[in-house]
Amino acid sequence: MGEAPVMFEEDLHKNISNGTRSVSMAYEAVVAVANKQYLVGSTDESGSSIGVLALDQTTSKWITPVVLGDKPKICMDLSVIILNEERILVIRRDAASEDSIWFLELNTKFVRDQSQALETEVVSWSKGVIGDDLKPVVISGPSGVGKGTLISKLMDDFPTKFGFSVSHTTRAPRQNEQNGVHYHFSVRSDMEKDIKDGKFLEYALVHDNLYGTSVEAVEVVADAGKRCILDIDVQGARQVRASPLGAKFIFIRPPSFAELENRLRARGTETEEQVQKRLRNAKAEIEQGLSSGIFDHILENDDLEVCYRNLKHPR
Ligand SMILES: Nc1ncnc2c1ncn2[C@@H]1O[C@H](COP(=O)(O)OP(=O)(O)OP(=O)(O)O)[C@@H](O)[C@H]1O
Ligand SMILES: Nc1nc2c(ncn2[C@@H]2O[C@H](COP(=O)(O)O)[C@@H](O)[C@H]2O)c(=O)[nH]1
């Protein structure tokens, strides 16, 4: 790490030009990781959240990275500690203890993957969670296994403790599904643009439609002080596992394939063709769920009450 080089001290509170734009920063901390110097502070562009700028020391060019994740609010007194070559710890000294510890990922696998996907420089914030109680919970399992039923019970029984992450999807709403409550029903091109702009924590093509969890969907729940529940497929779970969210992962399996088929048909929300597609996809999803090593708990949903009890107290 070392001290801030003179160049940075001269630049403090001044405009920094990277050739295409200029940004002013204040209250910044400076750290050197790998071949970059990072400024972490408030910028005239970051609005209400702490901004990040990087100086590539090999090219001497300033970079304004795409910043992913739930961002910490600006503060006047922050400290930065390098944890390793991949991430730094940022302490908001003037904040309440539950909002004081933040991690900024600079060069983790998640950041490298996102950087490659977005073809630009990326960094990612995550909030330090004290204890396990507020860790988000990812629930996956094949279509029709009962994820939504179990999650509804949890939300009904503990409305102040859990909050549902409302996903975006390009699939058409079902009868009595409300926009903004069950899903944010979206146009594909809008979703694709938001994905490119780094607004999604994860996304996947599921049964021929695009589904995804926006960073904002998780933020809304965290801001309400609730534990976030994500109902997403295994592809999405894999992406969240690789992200800094620090979630718990639960896979729901059916007692048998025949019972899964019964439930999917009995629900009556899909055409026969869609049921067939979902059943085909269920085979691969169950295989991956049981063997991928992504999941902390695998629960069988045979008797609903038994499964619900296990969900509340997974062993
Ligand atoms: N343990 C159970 N025993 C019998 N029926 C169940 C059980 N759990 C859920 N069901 C029923 O199975 C159907 C599918 O459940 P649900 O919609 O919750 O599945 P899901 O996993 O959320 O599906 P999708 O991924 O397609 O949204 C529903 O009609 C629900 O009432
Ligand atoms: N990767 C993601 N998968 C998601 C998300 N939201 C829902 N899903 C999964 O899609 C299927 C189908 O859902 P349905 O509502 O059309 O029946 C199901 O397995 C969900 O878990 C998401 O944001 N990302």
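Each ligand, and each atom within it, is numbered from 1 in the order the structure gives.
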| Using a heavy-atom cut-off of under 4.0 Å, does the side chain or the backbone of D231 touch ligand 2, or both, or neither? | both
| message | Once you restrict to heavy atoms under 4.0 Å, what part of C307 touches ligand 1? Side chain, backbone, both or neither. | response | neither
| request: Grab the two heavy atoms, one from P142 and one from I286, that are nearest each other, plus how far apart they are. | output: CG-CG1, 3.7 Å
| field | Whether E285 lies under 4.0 Å from ligand 2, heavy atom | value | no
| message | Below a 4.0 angstrom heavy-atom separation, can you tell me which part of H184, side chain or backbone, both or neither, approaches ligand 2? | response | neither
| request: Check each heavy atom of L150 against ligand 1 and say whether those closer than 4.0 Å belong to the side chain, the backbone, both or neither. | output: neither
| Protein heavy-atom partner closest to atom 27 (O) of ligand 1 - residue, atom, separation in Å | R267 NH1, 3.5 Å
| task | Decide whether the shortest distance between a heavy atom of H182 and an atom of ligand 2 is less than 4.0 Å. | result | no
| task | Could you tell me whether Q235 approaches ligand 2 through its side chain, its backbone, both or neither, with non-hydrogen atoms closer than 4.0 Å? | result | neither
| remark: In ligand 1, the atoms that come under 4.0 Å of a heavy atom of D302 are 1 (N), 2 (C), 3 (N)
| note | Any heavy atom of K147 under 4.0 Å from ligand 2? The part involved is side chain
| request: Please report which non-hydrogen protein atom sits nearest to atom 30 (C) of ligand 1, along with the residue it belongs to and the distance in Å to one decimal place. | output: T149 OG1, 3.5 Å
| said: Test of understanding: given a 4.0 Å heavy-atom threshold, classify the contact between E270 and ligand 2 as side chain, backbone, both, or neither. | reply: neither
| request: Measure up the W102 and W125 rings against each other and bin them: parallel (under 30°), tilted (30 to 60°), perpendicular (over 60°). | output: perpendicular
| request: Report yes or no: do E272 and Q276 form a side-chain donor-acceptor pair below 3.5 Å? | output: yes
